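Here's the structure, in structure tokens; my notes come after.
By convention here, the first residue in the shown sequence is residue 1. Everything numeric here is computed off the predicted structure, so don't read it as measured data.
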Amino acid sequence: MKIIISILTFLLLCSCNGQSVYELNKAELEHCHTCKPKDKNPNPNPEWVENDLSRFKEMVNPISDLKPTISDYLKVYPELLKRIRNTSSNTIELLDELKLISHDFYGGYTSFNLTILTYENKILYSRLWFEVEEDVFENIYLKEITIPLTCSGANMEYYEVHDKNLAEYVKKYPNFTLEIDIDKYTPDELNAYYNMNQVENNFGPFQVDDDYAHLANGFIKPLLEQKKYDILEKILFGVNPVGRIYSYTALKIAIKEGYKPNSEIIKQMEKVKENGLKFKSGFNTSHSETTDFDFTGKLNFE
């Protein structure tokens with residue numbers, strides 16, 4: 001949500017005060033303490049720089065003009081669905097006909113990642129991020145970028161939700177959401193939703209590992225304690241299979257404490273119970289970190 005607001009703000013400012021995309025991106029970088037490069041490189045390797053510049057011109061700048069379809073993206077990213085040469089690509093089969101495709105390609109000083117959420121041939125959202133290495137990015141690369149960027153951790157990224165495709169998908173799966181109204185929910189609810197509902201951030205669908213106790217205690221436990229069942233219900237229909245399993249387990253506990261789910265929630269819980277089996281092996285049952293809200297014993301689908 002915040003990413004989208006930032007991008008829309010960029011476009012609005014561009015039309016209102018005449019600032020160029022470069023000026024806006026530079027201001028974004030200047031005001032970000034996490035992604036602003038701190039290392040100096042007075043003599044960058046010309047070959048590495050040229051390699052990166054070709055990536056920005058050929059594979060970064062065109063993204064805003066592409067139609068949100070796999071077939072159109074393949075025109076710019078021909079190796080999107082396969083690993084060839086200096087690239088890698090991974091497709092994760094999610095639930096409800098969704099796939100997450102993560103495509104890495106590499107330059108000289110900078111690495112790039114394109115992540116897209118897809119339904120059939122359609123793309124629901126695109127996230128293109130790249131590392132901000134040394135001051136070469138600010139001094140050389142930034143001037144060549146023609147799309148609005150936001151800082152995200154130590155990287156800069158372009159993010160877009162493709163509303164028409166999303167609306168078509170929601171017609172078939174009406175309880176699915178990618179975003180929620182940030183003014184409607186508490187910080188605990190927002191943290192839980194946005195951390196548990198994104199496959200590519202924090203944890204993957206097949207492995208929880210060291211985040212196990214943190215996810216349970218940090219995000220799910222507060223919702224149960226505060227009886228914030230609305231967010232748990234949204235995660236139950238969310239994009240992340242692991243998030244759905246956490247939600248399923250939490251709502252089972254909530255039912256014992258008086259929560260009364262409607263028929264749609266009950267149906268979805270049964271669906272998660274059935275389909276969750278394929279992701280069950282991702283839970284590390286020998287986690288060494290103790291938690292007073294350990295889900296390990298409660299994650300059963302017999």
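In the hydrophobic clustering of this structure, I255 does not group with I266; members are Ile, Leu, Val, Met, Phe, Trp, Tyr whose side-chain heavy atoms approach within less than 4.5 Å, directly or through other members. No single ILVMFWY cluster, assembled from side-chain heavy atoms under 4.5 Å apart, contains both W129 and L149.
Proximity of a side-chain donor or acceptor of R127 to a complementary backbone N or O of E160 within less than 3.5 Å is not detected. With S152 contributing its side chain and N155 its backbone, the two residues share no donor-acceptor pair below 3.5 Å. A donor-acceptor pair under 3.5 Å is formed between the side chain of E131 and the backbone N or O of S111. Looking at Y185, its side chain never comes within 3.5 Å of a backbone N or O of N191 through a donor-acceptor pair. A donor-acceptor pair under 3.5 Å is formed between the side chain of D52 and the backbone N or O of G108. Of the possible polar contacts, one joining the E189 side chain to the T186 backbone as a donor-acceptor pair under 3.5 Å is found. Without hydrogens or angle criteria, S247 side chain to I235 main chain gives no donor-acceptor distance under 3.5 Å. The main-chain N or O of G107 is never found under 3.5 Å from a side-chain atom of T110 such that the two would form a donor-acceptor pair. Checking side-chain atoms of N61 against main-chain N and O of E144 turns up a donor-acceptor pair under 3.5 Å. Panel note: side chain T118, backbone I123; no donor-acceptor pair is recorded below 3.5 Å.
No side-chain heavy atom of I101 sits under 4.5 Å from any side-chain heavy atom of L117. The side-chain heavy atoms of E28 and T150, taken from C-beta on, include a pair separated by under 4.5 Å. Taking 4.5 Å as the limit, every side-chain heavy atom of Y106 sits out of range of all side-chain heavy atoms of N51. Considering only heavy atoms from C-beta on, V21 stays 4.5 Å or farther from T146 through its side chain. Y173 is listed as a side-chain neighbour of E97, based on a closest heavy-atom distance under 4.5 Å. N113 places none of its side-chain heavy atoms less than 4.5 Å from the side chain of L128. Residues Y248 and L232 have side chains not in contact (no heavy-atom distance under 4.5 Å, counting atoms from C-beta outward). At a threshold of 4.5 Å between non-hydrogen side-chain atoms, the residues I180 and Y194 count as touching.
A side chain to side chain contact (heavy atoms under 4.5 Å, CB included) with R244 is found for exactly one of V239, L95, L94, namely L95.
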(Q) Go through it in stages, so that I can follow the logic: the residues are R55 and F112, the test is side-chain contact (heavy atoms from CB on, under 4.5 Å), and I'd like the CA-CA distance, side-chain angles, deciding distance and then a yes or no. (A) CA-CA 9 Å; R55 293 293 195 186; F112 305 79; 3.6 Å; yes
Checklist entry - side-chain contact (heavy atoms from CB on, under 4.5 Å) between I265 and L236: does it pass, once the steps are laid out? => result CA-CA 8 Å; I265 299 299; L236 188 70; 3.9 Å; yes
task = Test side-chain contact (heavy atoms from CB on, under 4.5 Å) on K252 and M269 and set out the steps.
result = CA-CA 9 Å; K252 278 182 65 178; M269 288 180 70; 3.8 Å; yes
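Around atom CD of E30, more than 12 heavy atoms belonging to other residues, nucleotides or ligands sit under 6.0 Å away.
Inspection of the Q268 and N175 side chains reveals no N or O donor paired with an N or O acceptor under 3.5 Å. Defined by atom type and a distance below 3.5 Å, a donor-acceptor pair is missing between the side-chain atoms of S102 and N90. In the model, N197 has no side-chain atom that pairs as donor or acceptor with a side-chain atom of N240 under 3.5 Å. Checking T177 against Y193 by side-chain atom types alone, a donor-acceptor pair falls below 3.5 Å.
Taking the six-membered ring for Trp and thresholds of 30 and 60 degrees, Y109 and W48 have ring planes more than 60 degrees apart, a perpendicular arrangement. Ring geometry for H103 against Y77 counts as perpendicular: the plane angle is over 60°, on a 0 to 90° scale with 30° as the lower cut. Using a 30° and 60° split on the angle between ring planes, Y159 and Y125 fall in the tilted class, from 30° to 60°. In this pair, F56 and F130 present their aromatic rings perpendicular. The plane angle is above 60°, beyond the 30 to 60° band.
The shortest non-hydrogen separation linking L223 to A192 is CD1-CB, 3.6 Å. Across all non-hydrogen atoms, the minimal contact from C32 to G153 is SG-O, 4.4 Å. When all heavy atoms of P68 and Y73 are compared, the pair lying nearest together is CA-CE1, 4.2 Å. The shortest non-hydrogen separation linking G238 to F176 is C-CE1, 4.1 Å. For the pair L166 and V161, the tightest heavy-atom approach, listed with the atom from each and the gap, is CD2-CG1, 3.8 Å. In terms of heavy-atom proximity, I70 sits nearest to E120 at CG1-O, 4.4 Å.
From D104, atom CG reaches atom OG of S88 across 3.5 Å, with rounding to the nearest 0.5 Å. In this structure, CD1 in I245 is found 10.0 Å from CE in M196, a value given to the nearest 0.5 Å. In this structure, CG in L29 is found 8.5 Å from CG in N25, a value given to the nearest 0.5 Å. Note: I116 CD1 to T69 OG1 = 9.5 Å, rounded to the nearest 0.5 Å. For the atom pair K122 NZ and D72 CG, the distance stands at 13.5 Å (nearest 0.5 Å). L251 CG to K256 NZ: the interatomic distance, rounded to the nearest 0.5 Å, is 12.5 Å.
In this structure, the ring of F219 has its center no less than 6.0 angstrom from the ring center of Y246. Checked against the 6.0 Å centroid criterion, the rings of Y169 and Y119 qualify as a close aromatic pair.
We find that K172 and D96 are not joined by a salt bridge, their nearest charged nitrogen and carboxylate oxygen being 4.0 Å or further apart.
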